Amino acid sequence: MWLRNCWYVIAWDHEIPPADSPTLFTRTVLGEPVLVYRTQIGELIALEDRCCHRHAPLSVGRREGDCVRCGYHGLKFDHRGQCVEAPGIEIIPAKAKVKRYPLVEKNKWVFVWMGDPALADDALLPDNFSCDSPDWQNKPGYLHYDTPYLLICDNLLDFSHLSYVHEKSLGGSTRIAQARPAIEPVPGPNADWPQLGIKVSRHVNDVPPPPFYQRFRRFDTNLDRWFVYEFLLPGTLLMHSGGRPTGSAPDAPGPSVRLHSCQTLTPETATTTHYFFQQSHPTGEGDGTVTQSIYDSLIGAFNEDRDMITAQHRNIQHNPTLPMMPLAMDAALIQFRRLLEARVRAEQQAQTLSPTQPATMA
Ligand code: FES
Ligand SMILES: [Fe+2]
């Protein structure tokens, strides 16, 4: 169940080679191989990475200026995806072309629109400000999952798992699992999108500092911790989190931890997922090792998640129709799944009424 008319992150900007590089970047999104490259003037282009002739990947061909030549029989495509040269063929058929996808770069995330290009709307891009801000520092990360993307959405929508999966890393207290978060809708940018996601706010007071915090700041007292995040369609988490000495006012001077995290999930196939993430700390807080230390902690913790979700997925595959047992802690993920299902249904109904979705951009 995938939403198509929305933005998915396909890459961090540093992953796309410069225009003078012979390397061509490719990544599969929603089961479609997508080639991404930069033109001489720096514009990012996304084309279907499948030659219209015999379906060879264009990414194993070569760049020729702003064009790409297929490495199998030599068809050459321009930045619109149109075939402009076919060896030995004088008149090139108009339908000799590959799909071009809308692409947008925002704060170091490169977004691709997999649905109807006419509906691509920048207002739907998430506010991933801390990925590229002078006020925040981070080290970007990427993980690959051999599980469906919705299982990872479920994980991010229920932080009660911090107490158990991340007992020795991000969590550190069973009180996190016991705390009930507040859940509210996140409105969308316009009438076409009345709701874009849900907001989850979890406050846990008077708990020991998690092992993760101790790696970059020493605390001798218990902390009041907060996790406040939006989880937006199709699968992006934008979170403020932190901790301060128990009882201290939110703006009181003194030791505290303030973090902002941007994480996003992009289905690769029905059973595999791309995970892009970063956790930022305020610029100037801590010494030069803090950014790397946070990154290392995050990778460690996200591997804990991946191990658990991969094992869960294996079990589900043994008997996919066996029902699960919903509990109170599942409220946010159930709401998100309902929102996604309704949106996918509406998209599919619109597609049925108007089945002539354009295959290419001009
Ligand atoms: S498969 Fe690309 S030119 Fe034949
Ligand atoms: Fe986790």
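First listed ligand is number 1; within each ligand, the first listed atom is number 1. These numbers were taken from a predicted model, which means no experiment stands behind them.
- Looking only at its N/O/S atoms, H53 has ND1 as the one nearest to atom 4 (Fe) of ligand 1.
- Between the side chain of R100 and the main chain of Q82, no donor-acceptor pair closer than 3.5 Å is present.
- Between the side chains of E43 and H79, no donor-acceptor pair is found at a separation under 3.5 Å.
- Taking atom 4 (Fe) of ligand 1 as reference, H73 places its N/O/S atom ND1 nearest.
- Distance check: R258 CZ to S280 OG gives 11.5 Å after rounding to the nearest 0.5 Å.
- The contact set between ligand 1 and A56, taken as ligand atoms under 4.0 Å from a residue heavy atom, comprises 1 (S).
- Under 2.8 Å from the Fe ion (ligand 2), one finds the following protein N/O/S atoms: H161 NE2, H166 NE2, D305 OD1, D305 OD2.
- The closest donor-acceptor contact from the side chain of R63 to the backbone of L24 lies at 3.5 Å or more, if one exists at all.
- N303 places no side-chain N or O within donor-acceptor distance of the main-chain N or O of G300, the cut-off being under 3.5 Å.
- Annotation: H260 is in aromatic contact with F129 [ring centroid separation under 6.0 Å].
- For R306 and Y275, the positive end is not near the middle of the six-membered ring at less than 6.0 Å and at most 45° from its axis.
- Among the backbone and side-chain atoms of C51, no N/O/S atom is found under 2.8 Å from atom 4 (Fe) of ligand 1.
- R54 N, 3.3 Å is the protein heavy atom nearest to atom 1 (S) of ligand 1.
- Below 4.0 Å from some heavy atom of L75 lie the following atoms of ligand 1, by number and element: 3 (S).
- Not one N or O on the side chain of N138 forms a donor-acceptor pair closer than 3.5 Å with the backbone of Q279.
- Side-chain N or O atoms of T273 include one that pairs as donor or acceptor with a backbone N or O of Y149 at under 3.5 Å.
- Ring centers of F227 and Y229: at least 6.0 Å apart, outside the cut-off.
- Taking every heavy atom of C70 and a limit of under 4.0 angstrom, the matching atoms of ligand 1 come to 1 (S), 2 (Fe), 3 (S).
- Listed by atom number, the atoms of ligand 1 under 4.0 Å from G74 heavy atoms are 3 (S).
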